[in-house]
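FYI, side chains are in, hydrogens and waters are out, and symmetry mates aren't considered; it's all heavy atoms of this structure. These numbers were taken from a predicted model, which means no experiment stands behind them.
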Amino acid sequence: MTETSDTRSDTGEAPEAPRSRLWRLMRYVPLIAPVLLWAVPCWILLHTGQHWPSPVAPIGTALFALGLVGMPLAMAQGHGRRQRDGAAIVGDTLLGGSWVLFTWSVLLGALLRPALAVAGVGGGQDRARIVTWAVLGTTAVLLAWGYAEARRVPRVRRLDVELPRLGAGLDGTRVALITDTHYGPLDRARWSARVCETVNGLEADLVCHTGDIADGTAERRRAQAAPLGTVRANRARVYVTGNHEYYSEAQGWVDLMDELGWEPLRNRHLLLERGGDTLVVAGVDDVTAESSGLAGHRAHLAGALDGADPDLPVLLLAHQPKFVDRAAEHGIDLQLSGHTHGGQIWPFHHLVGLDQPALAGLSRHGTRTLLYTSRGTGFWGPPFRIFAPSEITLLVLRSPRGPAAS
């Protein structure tokens, strides 16, 4: 790898676009969401004709009320100024559990009860109780499965990606992608080491981490991140910041990754050369960097490409898929991103789709630009992944003029 640009993000580029409609709506979510997440299942499961024996309804209602009060308090203690890991674990788990319970209360309440009525199954009370037990059973199964999915080492997803401008000498270049590891309140140092062992087994030429390393500062999560220093690559290991770094002293993460032997591509690029051909490997800070107030932190694609031959193919690392609009304008060949988690807990992907142009996988944007969006290697907050499995990605770059094309 040859470094050709060290342009930093304090040079000029058009300011970040106004915050999205989703961002404006999100301001009201902390007020409305807890009430909906707990009150709706409480009503559907306990007070829609079940006629439970006298202790059941009041005790169940009290438990829902405790969840409604306890979840925001635990989240505030865990993710606020005090950063108490135990409280964060409780709050995050309650958040994930209530989301799944809410989802299936609504779905089964709306679909199963009419279906039972059409089928002539039981009376109103029997159908109401069947719905309640179906919701509770479905929720328990999905949470157990989702927890196992979140805590396991991700499966490797392999795919070939043809880049029309890629030279024949670079055909077969192996690019490993990990992202959104989100080291956090649950200690995952052993998981981190196993992920790194899996990456090493891929024998990649280039290993990329596209941000959201952790929730917490580099000093606090150092033990979980330390195995990243064991990752091997034939040419280089490169990293860009995600939005969560900017919640937790981003410069500390940039410095730690540099210490662990990774190249922080902060609005600059490197050259990967093989077989007489060259690939530009560029990276930008996350799009939230500018609003963080950290000096020199912003997404600056023009700076990242400064000095690069415009005739060379470009692989760009950018944490959020929505950066692809800028990438397409600059004629980027392939952008690698994370951020979405594939929705993480179904059906949250519908909300993610309001803010991002792609949820997971390979997509085309404009005439040249391809975007690969990873579902992420770890998980954020709730320790569950439901219908959105994590991944370690191996992309094999193909040239139309390479051996694979003959």
Side-chain angles (χ1 to χ4, degrees), residues 20 22-23 26 29 33 75 79 88-89 91-93 95-100 102-103 142-143 145-157 159 176-186 188 191-192 195 198-199 208-216 221 224-225 239-248 286-288 317-324 335-363 371-393 395:
S20 67
L22 177 61
W23 187 92
M26 289 292 285
V29 168
M75 295 287 287
H79 299 288
I89 293 170
D92 292 343
T93 302
L95 175 61
S98 63
W99 171 256
V100 176
F102 167 84
T103 298
L142 288 177
L143 289 177
W145 173 60
Y147 181 79
E149 280 287 302
R151 296 303 301 268
R152 67 168 174 79
V153 174
R155 302 175 185 90
V156 176
R157 185 179 186 190
L159 71 158
L177 172 62
I178 58 175
T179 185
D180 298 275
T181 42
H182 283 286
Y183 304 124
L186 282 169
R188 283 178 284 155
W191 174 87
S192 179
V195 166
T198 301
V199 171
C208 309
H209 194 306
T210 53
D212 278 8
I213 296 177
D215 296 300
R221 306 301 182 202
Q224 295 183 59
Y239 155 74
V240 293
T241 56
N243 57 304
H244 278 250
E245 277 85 325
Y246 291 98
Y247 308 148
S248 306
D286 183 61
V287 293
T288 60
L317 276 63
H319 177 65
Q320 298 195 41
K322 65 184 176 183
F323 196 80
V324 76
Q335 176 179 316
L336 303 183
S337 298
H339 186 67
T340 69
H341 299 204
Q344 186 165 320
I345 302 177
W346 187 90
F348 196 76
H349 65 286
H350 291 299
L351 297 180
V352 175
L354 296 176
D355 190 50
Q356 299 294 332
L359 184 72
L362 194 65
S363 56
L371 166 67
Y372 185 81
T373 306
S374 169
R375 290 186 299 253
T377 309
F379 61 86
W380 172 85
F384 309 107
R385 273 188 171 269
I386 297 175
F387 305 128
S390 55
E391 67 179 79
I392 295 168
T393 317
L395 301 104

Item to complete: Name all pairs fulfilling the salt bridge (Lys or Arg N to Asp or Glu O under 4.0 Å) condition that reach into residues 342-352, sequence neighbours left out, sorted by first residue then second.
Response: none

Closest approach of [X] to [Y] (non-hydrogen atoms, all atoms of both residues):
X: Trp191; Y: Thr377; value: CZ2-O, 3.1 Å
X: Gln320; Y: Val287; value: NE2-CG2, 3.4 Å
X: Ile345; Y: Phe384; value: CG1-O, 3.7 Å

Worksheet item: Between Trp380 and Asp215, is any pair of side-chain heavy atoms under 4.5 Å apart?
Response: yes

Discussion item. I'd like to check the side-chain contact (heavy atoms from CB on, under 4.5 Å) partners of Ala88; sequence neighbours left out, ordered by chain and number.
Written reply: His79, Asp92, Pro185

Keeping [X] on the side-chain end and [Y] on the backbone end, is there a donor-acceptor pair under 3.5 Å?
X: Arg385; Y: His341; result: yes
X: Ser390; Y: Gly376; result: no
X: Ser248; Y: Glu245; result: no

Practice prompt. Apply salt bridge (charged side-chain N to carboxylate O under 4.0 Å, His left out) to Arg188 and list each qualifying residue two or more places apart in sequence or on a separate chain.
Written response: none

Discussion item. For the CG atom of Leu159 and the CG atom of Leu395, what is their distance to the nearest 0.5 Å?
Written reply: 4.5 Å

Worksheet item: When His319 is tested against each of Asp212, Asp286, Thr210 for side-chain hydrogen bond (donor to acceptor under 3.5 Å, both in side chains), which residue passes?
Response: Asp212

